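Please read the structure below before turning to the comments.
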Amino acid sequence: MLNRILITGAAGQLGAVLRQKLKPHAKMLRLSDITDLGVAAPGEEIVLCDLADGAAVDALVEGCDAIVHLGGISVEKSFDLIESANLRGVYNLYEAARMHGLPRIIFASSNHTIGFYTQDQRLSHTDPFRPDSLYGVSKIFGEAVASLYHDKFGQESALVRIGSCTPAPENYRMLSTWFSHEDFVSLIMAAFTAPRLGCTVVWGQSANDAGWWDNSHAAFLGWVPRDNAQAYAEQIAKTVPRPNRNDAVATYQGGVFTDEPIHQS
Ligand code: NAI
Ligand code: 15L
């Protein structure tokens, strides 16, 4: 059992899920966000903190032996918003980790680092980035900071390029990109407990028959996803209109993010 896991972005969609599901794995969860997190339950500490505030992030990380970094902008927005939460935020987090004993970090990267690959392509973690948004670019920055701090200081991280982490797949694209909550939790715990983590890219996907991404390089972590979006294929065929084959959502791995404008504010 870990002593204290820090979850940034704990008020968000995935933060709320992990707040419940990581509880059995740590004596204490330190939950942080810029927005309201409610009342701390037993075994929880709540710390409101803007990731762009370096001194606050330094204090936030002190005393934690593992970090799940979910906090930041999670969709396409203006560069100014992305810059402070995702660029400065990730730098602040890695600097704080360096000052406080190099706790392992799960960095919530994204499929939008490679979103402009087409859906007929199969990718390995060594394929070049093809971001589909400034948001995707910010996740590439985060992965680069993690790599720098690994090579310079030995900081270990899992760079989890999450597909679509939802209770169940909701559309045709998610038959390929779905990542179940249970598989995310088992990956987090595998990355925290593996004898060696290094700085490893892991595609955040369940064992989907229609998956696009090869995780064989990360087999040494001992993580085996259990869910498969295929189990929902029939239900999706019955309830979800099939997109036009030329629509972005049916063409590119990043789906509709490839259609987003550059936001000015
Ligand atoms: P979300 O948008 O629901 O949660 C993000 C949280 O970060 C929010 O509660 C927000 O208040 C907080 N936040 C934003 N700016 C902040 C700042 N400056 N300081 C402190 N906290 C700040 O996103 P979700 O869906 O829970 O995703 C979590 C992480 O996983 C995000 O980093 C996202 O980019 C990544 N991800 C999620 C995927 C998914 O399928 N949900 C897919 C790929 C990546
Ligand atoms: C992401 O990176 C987003 O944070 C999430 O909201 C979804 O859009 C997901 O990717 C996806 O591609 O389905």
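We count ligands from 1, going down the list as the structure has it; atoms in each ligand are counted the same way. This one's a predicted model, so the numbers in the text were calculated from it and none came from an experiment.
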List the closest protein heavy-atom neighbour of [atom]: residue, atom name, distance to the nearest 0.1 Å.
{"atom": "atom 37 (C) of ligand 1", "answer": "L14 CD1, 4.0 Å"}
{"atom": "atom 20 (C) of ligand 1", "answer": "C49 O, 3.3 Å"}
{"atom": "atom 34 (O) of ligand 1", "answer": "Y135 OH, 2.5 Å"}
{"atom": "atom 35 (C) of ligand 1", "answer": "A108 CB, 3.8 Å"}
{"atom": "atom 29 (C) of ligand 1", "answer": "L70 O, 3.2 Å"}
{"atom": "atom 38 (C) of ligand 1", "answer": "I162 CG2, 3.8 Å"}
{"atom": "atom 3 (O) of ligand 1", "answer": "Q13 N, 2.9 Å"}
{"atom": "atom 12 (C) of ligand 1", "answer": "D33 OD1, 3.3 Å"}

Distance filter under 4.0 Å to [X] heavy atoms, resulting ligand 1 atoms:
{"X": "A11", "answer": "9 (O)"}
{"X": "D50", "answer": "17 (C), 18 (N), 19 (N)"}
{"X": "S164", "answer": "40 (O)"}
{"X": "G71", "answer": "7 (O)"}
{"X": "T35", "answer": "11 (O)"}
{"X": "C165", "answer": "39 (C), 40 (O), 41 (N)"}

Quiz item: Is it true that L60 and L93 fall in one hydrophobic cluster, defined by side-chain heavy atoms closer than 4.5 Å?
Solution: yes
Quiz prompt | N or O contact, Q13 vs ligand 2, cut-off under 3.5 Å | solution = no
Quiz item: Should we say atom CZ of R98 is surrounded by more than 12 heavy atoms from elsewhere, each under 6.0 Å from it?
Solution: yes
Quiz item: For R122, does the CZ atom have more than 12 heavy-atom neighbours from other residues, nucleotides or ligands under 6.0 Å away?
Solution: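 Yes, because the 6.0 Å sphere around CZ of R122 holds more than 12 heavy atoms from other groups.
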Quiz prompt | From S109, S110, G72, A85 - option closest to atom 22 (C) of ligand 1 by heavy atom | solution = G72
Practice problem: Would you mind finding which of V68, I34, D36, I106 brings a heavy atom closest to atom 16 (C) of ligand 1? | Solution: I34
Exercise. Compute the centroid of each ring, for Y232 and then for W178, and state whether the two points are separated by less than 6.0 Å.
Key: yes
Quiz item: Any side-chain donor-acceptor pair under 3.5 Å between D80 and S78?
Solution: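 Note: D80 and S78 side chains miss the donor-acceptor criterion.
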